[in-house]
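Heads up: the structure comes next, in structure tokens.
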Protein chains: 2
Amino acid sequence: MLFHFKDQFPQLKPFLDKYLEFLKRLEVPTKTVLLEEGKVSQNYIYIEKGCVRAFFNNNGEAKTVQFFFENEGLTSFESFINNSPSLLTIETIEPSVVYLLPKKYVTELVKELVNEPEFTQLILQVSAGRQMHYMNEFFSFIRDTPEQRYQNLLNNRPHIIQRVPQHYIASYLGVTTVHLSRIKRKIAKGKSHF
Amino acid sequence: MLFHFKDQFPQLKPFLDKYLEFLKRLEVPTKTVLLEEGKVSQNYIYIEKGCVRAFFNNNGEAKTVQFFFENEGLTSFESFINNSPSLLTIETIEPSVVYLLPKKYVTELVKELVNEPEFTQLILQVSAGRQMHYMNEFFSFIRDTPEQRYQNLLNNRPHIIQRVPQHYIASYLGVTTVHLSRIKRKIAKGKSHF
DNA sequence: TAAACTTGATAACATATGTTATCGCCCTAA
DNA sequence: TTAGGGCGATAACATATGTTATCAAGTTTA
């Protein structure tokens, strides 16, 4: 969220650069929890290498809602703003290298930036983008069958299918692993006709 | 979105009040379209009386995603910020009285406010709230069965069930009207045991 | 007032998806 | 090297939900 926008909003660069030194580099194995559902987010997270998933717990069953990869940053936005417990757990899927910026510094940074009109622009833009993302995911769930959602992944984000274990993908699509297998078989059959 | 926050952010009040005179009052019948999917939002909308639904079109079938009632304001946020076509149509469900603030004035107002630190606070808060809303709707779709979603409506927002025609509710729940009837019968049966 | 719509319930049948169990493959730890 | 565990495919059966058609009651319109 934060450090991606240096190029787009050059006036903010000096503010952001000041905080680079407070980033903590972390090398972590698979299945490391970076933020736990129900706890207040304590860090802004940036992924240098590897990938993570965001999920929430429903009666012991994990529902995966999003994947993040290299060069992406993430926060539990609402958790940061309102000090409210995170709705999601963030967990690595592969051995990963991440940078953390502790909440304390994020808060400081925001305090400094709140007087910069450019920052308001950035906030508006980031917020609109996030809202767009959740709306699109939401609408896709309503509009598309699981098979169509799988096709969307194949067409638009094949790296996810390549890197992420199938049971997480099934969870993301909203079906069981059994049904995802059926979907894959059906698609494979369809293809073999040509 | 905008005029609700006068009390919470008193410093912004004079800015907001200046624009009250540009609000256009409109009395409209049922099924009036206030914003059409695919078009750029031209107004901030405030509902004085009546109610509206937000839906998108999927192969000729309308998928309802949200209802708004008295004293609520709405914008297609992304559409406003990015001048992008709205993902949703906004249509009245009842004869309604609404106020419109043309985009021109909203833009002006935002330009004035962008230098007010309090405005950034407001933006952060509104954005977090909106994101929370869409996340919750999204997660409820993933987590809950249509029957549970109907129970949630009954428990938390019974006014919706009372005022809104059943086919819109079925669409909102993600099922056919036939299935919603089944759900209602099942719940009625369950109750009659006590 | 009568005709035409709209809304909601219901039945019969079709399809999509979940549940449980089994099998095979690959990887890793002892 | 072998035993166990994680992962994915598949089959058989169960359940949830969609589709189509019909009916009844209420509402709008000519």
Side-chain angles (χ1 to χ4, degrees), chain A residues 29-32 51 53 55 58-64 67 91-95 140-154 158 160-192, chain B residues 28-32 50-51 53 55 58-64 67 91-95 140-154 158 160-192:
Chain A
T30 303
K31 298 211 178 185
T32 305
C51 70
R53 69 187 180 113
F55 67 94
N58 185 38
N59 299 325
E61 189 193 4
K63 299 280 191 175
T64 299
F67 302 104
E91 186 186 272
T92 55
I93 293 178
E94 299 173 358
S140 154
F141 233 92
I142 294 175
R143 170 175 37 223
D144 303 327
T145 64
E147 182 177 338
Q148 286 173 310
R149 282 166 57 73
Y150 185 73
Q151 282 284 10
N152 291 346
L153 277 192
L154 273 178
I160 291 185
I161 290 173
Q162 285 151 22
R163 285 176 74 170
V164 175
Q166 181 159 318
H167 57 285
Y168 295 147
I169 292 180
S171 167
Y172 172 77
L173 295 177
V175 297
T176 59
T177 56
V178 174
H179 195 63
L180 177 52
S181 274
R182 283 195 278 245
I183 288 171
K184 290 173 76 172
R185 182 170 34 153
K186 189 174 166 199
I187 289 177
K189 263 192 201 164
K191 265 192 189 164
S192 69
Chain B
V28 295
T30 303
K31 298 214 177 180
T32 304
C51 70
R53 68 188 180 114
F55 67 95
N58 185 38
N59 298 325
E61 189 192 6
K63 300 280 192 175
T64 299
F67 302 103
E91 186 186 272
T92 55
I93 292 178
E94 299 174 359
S140 154
F141 233 91
I142 294 175
R143 170 176 37 225
D144 303 327
T145 63
E147 183 177 339
Q148 287 172 310
R149 282 165 58 73
Y150 185 73
Q151 282 284 10
N152 291 344
L153 278 193
L154 272 179
I160 291 185
I161 290 173
Q162 285 151 22
R163 285 177 73 171
V164 175
Q166 181 159 315
H167 58 282
Y168 296 147
I169 292 181
S171 166
Y172 172 76
L173 296 177
V175 298
T176 59
T177 55
V178 173
H179 194 63
L180 177 51
S181 273
R182 283 195 279 245
I183 288 171
K184 288 174 76 171
R185 179 169 37 153
K186 191 175 164 198
I187 289 176
K189 264 192 201 162
K191 265 192 189 163
S192 71

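Protein chains get the first letters and strands the later ones, always in sequence-line order, with residue 1 at the start of each.
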Under 3.5 Å donor-acceptor, [X] side chain and [Y] backbone:
| X | Y | result |
| --- | --- | --- |
| Thr145(A) | Gln148(A) | yes |
| Arg149(A) | Tyr172(A) | yes |
| Thr177(A) | Ala170(A) | no |
| Thr92(B) | Thr32(B) | yes |

Are any non-hydrogen side-chain atoms of Leu173(A) and Leu153(A) less than 4.5 angstrom apart?
->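 In short, these two side chains touch, coming nearer than 4.5 Å.
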Determine whether Gln151(B) and Ile187(B) make a side-chain contact, defined as any pair of heavy atoms from C-beta on separated by less than 4.5 Å.
->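 Of all side-chain heavy-atom pairs linking Ile187(B) with Gln151(B), at least one is under 4.5 Å.
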Tell me which of His179(B) and Glu147(A) sits closer to the 5' end of DNA chain C, going by the nucleotide each one is nearest to.
->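 By nearest-heavy-atom nucleotide position, the 5'-most residue is His179(B).
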Could you go through the side chain to side chain contact (heavy atoms under 4.5 Å, CB included) check for Ser171(B) and Glu61(B) one step at a time?
-> CA-CA 9 Å; Ser171(B) 166; Glu61(B) 189 192 6; over 6 Å; no
Interatomic distance, [X] [atom1] vs [N] [atom2] [rounded to whole Å]:
| X | N | atom1 | atom2 | answer |
| --- | --- | --- | --- | --- |
| Gln162(B) | dT7(C) | CD | P | 18 Å |
| Lys184(B) | dT7(C) | NZ | P | 13 Å |
| Arg185(B) | dA9(C) | CZ | C1' | 8 Å |
| His167(B) | dA9(C) | NE2 | P | 13 Å |
| Gln166(A) | dC26(C) | CD | P | 16 Å |
| Tyr168(B) | dT6(C) | OH | C1' | 11 Å |

Difference in axis direction between the ends of the helix from dT1(C)-dA30(D) to dA30(C)-dT1(D), five pairs, 10° |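 End axes: 40° apart.
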Using chain A heavy atoms and a threshold of under 4.0 Å, write down where along DNA chain D the contacts begin and end, 5' to 3'.
->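 Going 5' to 3' along DNA chain D, contacts run dC7(D) to dA12(D).
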By salt bridge (charged side-chain N to carboxylate O under 4.0 Å, His left out), which residues pair with Arg53(A), not counting sequence neighbours?
->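 Glu91(A).
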What is the distance from atom CD1 of Ile142(B) to atom CZ of Phe141(A), rounded to the nearest 0.5 Å?
->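 The CD1 atom of Ile142(B) sits 4.5 Å away from the CZ atom of Phe141(A).
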Pairwise 5' ranking along DNA chain D for Arg182(A) and Arg182(B), keeping only the more 5' one |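 Checking each residue's closest nucleotide, the 5'-ward one belongs to Arg182(A).
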Could you tell me whether Ser181(A) contacts a base, only the sugar-phosphate backbone, or nothing, with contacts defined as non-hydrogen atoms closer than 4.0 Å?
->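 Base contact.
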